[in-house]
Peer 1: 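Could you have a look at this structure, given as structure tokens, before my questions?
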Amino acid sequence: MKKLLLITAVIGALGAVPLISQASPEDDLKAFQGYFTERFPNVPLEEFANGVYAIDKASREQWEAIEEFPPYEIAIEEGEEMFNTPFKNGKTYASCFRNGGIGIKSDYPYYDIEKGRVETLASAINECRTKNGEAPLKYMKGELASLVAYMAYTTRGQIVDIKIPFDQRARDAYEDGKRFFYARRGQLNMSCAHCHVDNAGNKIRADLLSPALGHLTHFPVYRSKWGSLGTAHRRFSGCNKQVRALPFKAQSPEYRNLEYFMTYMSNGLPWNGPGARK
Amino acid sequence: MRKSASSTLAAAGTLALMLGSLAIAPQAALATEASVVEEGKAIAFDRKKGNCLACHKMKDGTLEGNIGPALVNMADRYPDKKRLREQIWDATRINPYTIMPPYGKHKILTEEELDKVVEFIYTR
């Protein structure tokens with residue numbers, strides 16, 4: 001891990017470096033996944049999509065029982081109904097997406113060269129709405145989370161394969177997300193990597209820390225602690241607050257870039273949303 | 001006029017101080033120390049203050065995490081109490097990569113609270 005931290009520290013010290021001299025995303029990916037497969041030699045790669053339950057026998061059984069009657073099922077149904085209900089102008093969500101919007105969560109996040117920013121499924125849904133004269137939905141939970149849940153459900157079983165195009169702005173977005181992930185923040189002075197890389201599998205109080213590998217394959221998530229479904233950016237916000245840092249807004253450039261970096265790090269794992277967690 | 005409880009206590013305190021300075025009342029000195037240790041313990045265990053149990057096992061702790069080492073034999077291991085204080089004030093000075101929060105540097109605890117925590121940890 002120290003090696004990964006060092007790489008970021010060096011990049012930080014040099015400031016903006018031209019494209020070619022940066023560690024390539026492919027090298028980062030190999031180092032990142034290699035770290036976890038070495039740390040958890042008995043966990044097959046695709047299992048990391050199950051978060052803490054991939055490494056914790058004790059809570060796994062309970063989780064499997066929950067998955068028999070998943071708490072996110074109602075949200076999937078609600079999302080499907082919304083998805084198929086025409087807007088006031090008669091069009092539906094299907095008109096905004098490839099393949100009529102079925103099985104396409106795997107297209108996101110991607111770097112949109114025209115817009116010059118990372119596009120997420122959540123933001124694409126709201127763009128679809130505003131383009132069709134509907135008000136945008138809130139990003140953390142509720143109707144939008146249900147729509148994403150349905151769209152994640154139709155994407156289940158596909159393999160994460162995020163691309164970082166050979167384009168300076170795309171690489172900058174990726175590097176920005178990576179820096180965010182490894183940077184200390186908040187009064188408690190911790191990075192995401194401190195908990196979810198260095199200490200994955202260790203306990204903070206009574207909570208076992210999940211590996212960052214596989215973190216974004218299964219969102220949105222029904223958390224019993226929330227009592228509802230939440231998007232990935234809702235979780236980012238919670239983990240920022242936990243170290244007494246000011247959270248960013250859902251769909252802020254910071255969180256989009258973080259999502260871009262983290263999802264890329266899970267390339268090769270199955271898409272398995274929506275999920276259920278404690 | 002009857003003396004109020006507080007003035008009696010204050011008088012007793014002054015007496016203890018005087019006796020303490022004459023070094024003939026170890027009893028009273030021990031009593032103050034014990035209460036400092038108790039206060040330090042409360043601060044160390046409070047989830048909103050030290051929350052040391054999030055990462056460290058130690059005597060009397062419950063539901064501890066295992067990110068950091070168990071805190072034992074502290075007095076033996078830190079003959080110089082100042083070094084223990086430094087670890088808690090800013091652990092990154094000793095290990096730049098540490099996950100342990102810099103309690104003093106980031107004002108997570110006041111200097112006074114930190115002193116009390118040091119006294120408490122020294123008894124583990």
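In what follows, chains carry the letters A, B, and so on, assigned in the order in which the sequence lines appear, proteins first and then strands, with residues in each chain numbered from 1.
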Peer 1: Are there more than 12 heavy atoms of other residues, nucleotides or ligands under 6.0 Å from atom CD of Glu64(A)?
Peer 2: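 Yes - once you tally the heavy atoms of other residues, nucleotides and ligands closer than 6.0 Å, there are more than 12.
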Peer 1: Check whether Asn66(B) reaches the backbone of Lys203(A) with its side chain - one donor and one acceptor, N or O, closer than 3.5 Å.
Peer 2: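 Pair found, side chain donor or acceptor close to backbone of Lys203(A).
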Peer 1: Taking atom CZ of Arg169(A) as the centre, report whether more than 12 heavy atoms of other residues, nucleotides or ligands fall under 6.0 Å from it.
Peer 2: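 It does: Arg169(A) CZ has more than 12 such atoms within range.
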Peer 1: For Leu208(A), which atoms come within 4.5 Å of any heavy atom of chain B: side chain, backbone, both, or neither?
Peer 2: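 Neither part; nothing is under 4.5 Å.
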Peer 1: Main chain of Met100(B), side chain of His194(A): is a donor-acceptor contact present, judged purely on distance under 3.5 Å?
Peer 2: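 No; zero donor-acceptor contacts below 3.5 Å.
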Peer 1: Passes side chain to side chain contact (heavy atoms under 4.5 Å, CB included), Asn189(A) versus Lys105(B)? Steps please.
Peer 2: CA-CA 10 Å; Asn189(A) 208 36; Lys105(B) 188 178 175 202; over 6 Å; no
Peer 1: Do you know the tightest heavy-atom contact between Arg184(A) and Thr98(B)?
Peer 2: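 In this case the closest contact between Arg184(A) and Thr98(B) is NH2-O, 2.7 Å.
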Peer 1: On a heavy-atom basis, which atom in Arg244(A) and which in Arg47(B) lie closest, and how many Å separate them?
Peer 2: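 Of all heavy-atom pairs spanning Arg244(A) and Arg47(B), the closest is NH2-O, 4.4 Å.
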Peer 1: Take Asn199(A) and Ile99(B) through the side chain to side chain contact (heavy atoms under 4.5 Å, CB included) test and state the conclusion after the steps.
Peer 2: CA-CA 9 Å; Asn199(A) 285 293; Ile99(B) 187 177; 3.6 Å; yes
Peer 1: If you compare all heavy atoms of His106(B) against all heavy atoms of Gln187(A), which two are closest, and at what distance to 0.1 Å?
Peer 2: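 So the two residues come closest at ND1-O, 2.8 Å.
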Peer 1: Please indicate whether Glu61(A) has more than 12 foreign heavy atoms, meaning atoms of other residues, nucleotides or ligands, lying under 6.0 Å from its CD.
Peer 2: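 No - once you tally the heavy atoms of other residues, nucleotides and ligands closer than 6.0 Å, there are 12 at most.
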